[in-house]
Every structure is written in structure tokens, then in C-alpha cells.
K.L.:
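Take a look at this one; I'll ask things after.
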Amino acid sequence: MARPNGNGIISLHDDKETNHGFFCMKLVSYLNEEAEMGTDVYEELWHERFAQAKAGKCAYREKCPNYAKSKPPF
């Protein structure tokens with residue numbers, strides 16, 4: 001069955017134009033190992049690491065089973 005098209009009067013649930021969020025619990029667990037939660041270093045790493053992961057260049061890609069499942073083998 002094909003995806004329904006919006007008619008402009010009623011918006012569809014997945015018809016949003018805003019930026020979609022990104023979150024990964026495995027990334028958080030790796031961050032917790034790298035820096036102490038609540039510190040300035042942790043906050044800086046949080047923003048940096050999530051931006052990298054959202055762009056497809058996760059800093060933990062070599063050891064992350066989620067990353068391995070999400071990328072096609074080359």
C-alpha cells in the first residue's frame with residue numbers, strides 16, 4: 001500500500017518540515033564512559049558527539065553494534 005499524500009488542509013503525522021531529532025542510548029553510554037556527567041566537558045562532548053552521529057560519522061562507530069547494523073557493508 002502506498003503512502004498517503006497530504007492535501008494541505010490536514011497535515012499527516014510524518015509530513016513535518018522541521019528537523020527530526022536524533023537520539024541513541026548506546027551513544028549516551030559511551031559518553032558516560034568518556035566524561036563525568038554534569039561537567040562542562042560532558043556537555044561539550046554531548047553536543048559534539050551527537051552532531052557527529054547525526055551526520056553519520058559517529059565517534060564510536062568502531063565499537064558500536066548499532067552503527068554496524070545501520071550502515072551497509074562496503
Side-chain angles (χ1 to χ4, degrees):
M1 180 176 210
R3 181 183 176 276
N5 293 322
N7 60 10
I9 298 171
I10 299 172
S11 62
L12 299 174
H13 169 70
D14 58 351
D15 207 19
K16 298 177 184 172
E17 293 181 18
T18 59
N19 189 8
H20 296 286
F22 172 83
F23 191 79
C24 177
M25 284 301 296
K26 201 68 169 162
L27 178 62
V28 173
S29 70
Y30 292 135
L31 275 171
N32 290 339
E33 293 172 6
E34 190 171 351
E36 184 178 343
M37 193 182 313
T39 63
D40 290 338
V41 173
Y42 187 86
E43 182 180 354
E44 289 175 21
L45 278 175
W46 178 281
H47 294 291
E48 181 182 335
R49 298 294 191 238
F50 269 91
Q52 291 170 338
K54 190 173 180 180
K57 296 178 171 74
C58 184
Y60 309 108
R61 64 184 167 264
E62 298 301 321
K63 62 181 179 178
C64 181
N66 294 350
Y67 188 88
K69 287 189 273 186
S70 67
K71 296 295 175 189
F74 294 114

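Scope of the values below: all heavy atoms of this structure, side chains included, with no hydrogens, waters or symmetry mates.
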K.L.:
Closest approach of Lys26 and Ser29, non-hydrogen atoms and distance?
P.N.:
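Taking every non-hydrogen atom into account, O-OG, 2.7 Å.
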K.L.:
Check side chain to side chain donor-acceptor pair (under 3.5 Å) between Tyr60 and all other residues, then give those that pass, not counting sequence neighbours.
P.N.:
Glu34, Arg49
K.L.:
For Glu62, enumerate each residue passing the side-chain contact (heavy atoms from CB on, under 4.5 Å) test, keeping only those at least two apart in sequence or located in another chain.
P.N.:
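None.
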K.L.:
Compile the donor-acceptor pairs under 3.5 Å between side chains in residues 41-48 and protein atoms, sequence neighbours left out, one pair per line.
P.N.:
{"from": "Tyr42", "atom 1": "OH", "to": "Asn32", "atom 2": "OD1", "distance (Å)": "2.7"}

K.L.:
Enter the distance from Lys54:NZ to Leu27:CG here, rounded to the nearest 0.5 Å.
P.N.:
13.0 Å
K.L.:
Taking atom CD of Glu33 as the centre, does the number of heavy atoms from other residues, nucleotides or ligands within less than 6.0 Å exceed 12?
P.N.:
yes
K.L.:
Give the minimum heavy-atom separation between Tyr30 and Pro65, together with the two atoms involved.
P.N.:
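Taking every non-hydrogen atom into account, OH-CD, 3.8 Å.
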K.L.:
Count the heavy atoms belonging to other residues, nucleotides or ligands that lie under 6.0 Å from NZ of Lys63, then report whether that count exceeds 12.
P.N.:
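Counting other residues, nucleotides and ligands, NZ of Lys63 exceeds 12 neighbours.
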